[in-house]
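We number each residue from 1, following the sequence as shown. Each ligand, and each atom within it, is numbered from 1 in the order the structure gives.
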Amino acid sequence: MRGCLESRELVIDVPGRSGGAALTLAVAPGQVWGVLGPNGAGKTTLLHTLAGLRAPRSGEIRLDGRSLTAWRRRDVARRLGLVFQENHDGFPATVRETALIGRHPWLSPWQMEGGEDLRLAEAALARLGVGHLADRLVGTLSGGERQRVAIATVLAQAPGVWLADEPTNHLDLRHQTAVMALLAEQARAGSAVMMCLHDLNLAARWCDHLLLLYPDGEACWGPRDAMLVPAALERLYGQRLATAWVEGAPVFVPAG
Ligand SMILES: Nc1ncnc2c1ncn2[C@@H]1O[C@H](COP(=O)(O)OP(=O)(O)OP(=O)(O)O)[C@@H](O)[C@H]1O
């Protein structure tokens, strides 16, 4: 499914911060954007603003060529999926029931999920390697299993735009790689993908565009190689870095 998300002169509303960069950028079909920045820089605020969950201070967001506020909420949910940083399970649902929530934007009010919805939800769980947990209550899962169910739920939703807040949260190395490969695969199929990451090396390997959010609200963005400048990254995190090259890609590690 193709999707495109644009921001025009967008200033996010970070509590206690005056000003902030005006973001004008487009996450085009096929692109994978990484959002980097230290704790509190506003990465989650940005993703939630782009998803329409909180109002910007100023500026506009356009989803598939139309103002986000002009779409009905259901139509937004058919086009845009959000992987939250943490999952809070208010109800005792099974893994299968949780993945089926991804199909709800595609049902009419009061319509029950059908066989095709069930097939898509179970295929998504299998893709994330959690199909065998379908009958378990989500509250009994490990952190990494729960995270993979959350990603499977968005996969079942089949959005053209993916917003993922630290999608590799709680995941071991193999599953981090599998999830990044899945997001890249979604982009290759025409989706627009944007994710917050704390791991510079995952960003360097898997993202083609980067947005650097500084704690004072400043920002810069562009193609990955133009953004992966050690001095800029050191200023971003307030941390000296050493750079090595492994299999043709830069690897950043904290120095001294
Ligand atoms: N509801 C709120 N009330 C007060 N302050 C808030 C609220 N939501 C966010 N903030 C503040 O806004 C700033 C940006 O938060 P945000 O969660 O977007 O940062 P982040 O870059 O995602 O951080 P992290 O890397 O720690 O996840 C933080 O200083 C946070 O404390």
Q) Evaluating non-hydrogen atoms only, which member of Val14, Asp13, Thr49 is closest to atom 13 (C) of ligand 1? A) Val14

(Q) Applying side-chain hydrogen bond (donor to acceptor under 3.5 Å, both in side chains), can you list everything that pairs with Arg73, at least two apart in sequence or on another chain? (A) none

Q. Which is it for Arg17 and Asp216 under the salt bridge (Lys or Arg N to Asp or Glu O under 4.0 Å) test, yes or no, and what are the steps along the way?
A. CA-CA 8 Å; Arg17 179 190 289 170; Asp216 61 2; over 6 Å; no

(Q) Among all protein heavy atoms in this structure, tell me which lies nearest to atom 25 (O) of ligand 1, with the distance rounded to 0.1 Å. (A) Lys43 NZ, 2.7 Å

Q) For atom 29 (O) of ligand 1, what is the nearest protein heavy atom, given as residue, atom name and distance? A) Gly40 O, 3.9 Å

Q: Test Arg119 against Glu116 for salt bridge (Lys or Arg N to Asp or Glu O under 4.0 Å), laying out the working first.
A: CA-CA 5 Å; Arg119 192 190 65 74; Glu116 179 64 2; 2.9 Å; yes

Q: Only counting residues at least two apart or in another chain, list the ones meeting side-chain hydrogen bond (donor to acceptor under 3.5 Å, both in side chains) with Asp165.
A: Thr44

Q | Protein contact to atom 2 (C) of ligand 1 [nearest heavy atom, distance to 0.1 Å] | A | Pro15 CG, 4.0 Å

Q) How are the rings of Phe84 and His48 set relative to one another: parallel (under 30°), tilted (30 to 60°) or perpendicular (over 60°)? A) perpendicular

(Q) As an exercise, identify every atom of ligand 1 less than 4.0 angstrom from a heavy atom of Glu166. (A) 27 (O)

Q.
Please check whether Ala41 reaches ligand 1 - meaning an N/O of the residue sits under 3.5 Å from an N/O of the ligand, judged on distance alone.
A. yes

Q.
Among all protein heavy atoms in this structure, tell me which lies nearest to atom 26 (O) of ligand 1, with the distance rounded to 0.1 Å.
A. Asn39 ND2, 3.0 Å

(Q) Check for me whether Gly16 has a heavy atom closer than 4.0 Å to any atom of ligand 1. (A) no

Q | Protein contact for atom 31 (O) of ligand 1 (heavy atom, distance under 4.0 Å) | A | no

Q) Does His198 reach ligand 1, in the sense of a heavy atom lying below 4.0 Å from it? A) yes

Q: Any chance you could lay out the salt bridge (Lys or Arg N to Asp or Glu O under 4.0 Å) test for Asp208 and Arg224, step after step, and finish with the verdict?
A: CA-CA 5 Å; Asp208 47 55; Arg224 173 194 56 200; over 6 Å; no

**Q.** atom 17 (O) of ligand 1: nearest protein contact (heavy atom, Å)
**A.** Thr44 CB, 3.5 Å

Q) Which residue and non-hydrogen atom of the protein lie closest to atom 8 (N) of ligand 1, and at what distance in Å? A) Arg54 NH1, 4.0 Å

(Q) Restricting to non-hydrogen atoms, name the atom on Phe252 and the atom on Leu228 that form the minimum distance, rounded to 0.1 Å. (A) CE1-CD2, 4.0 Å

Q.
Test your reading of the structure: does Gly42 have an N or O sitting under 3.5 Å from an N or O of ligand 1?
A. yes

**Q.** Proximal ligand 1 atoms for Pro38, defined as those under 4.0 Å from one of its heavy atoms
**A.** 21 (O)

**Q.** Heavy atom of the protein closest to atom 15 (O) of ligand 1 (residue, atom name, distance)
**A.** Thr45 OG1, 3.8 Å

Q: Report yes if some heavy atom in the side chain of His209 is under 4.5 Å from a heavy atom in the side chain of Val32; otherwise report no.
A: no

Q. Can a donor-acceptor pair be found between the side chains of Gln157 and His104 at a distance below 3.5 Å?
A. no

(Q) So if I count the atoms of ligand 1 from 1 in the order they appear, which ones are less than 4.0 Å from some heavy atom of Gln85? (A) 27 (O)

Q: Quick one: closest heavy-atom pair of Gly144 and Leu171, and the distance?
A: O-CD2, 3.5 Å

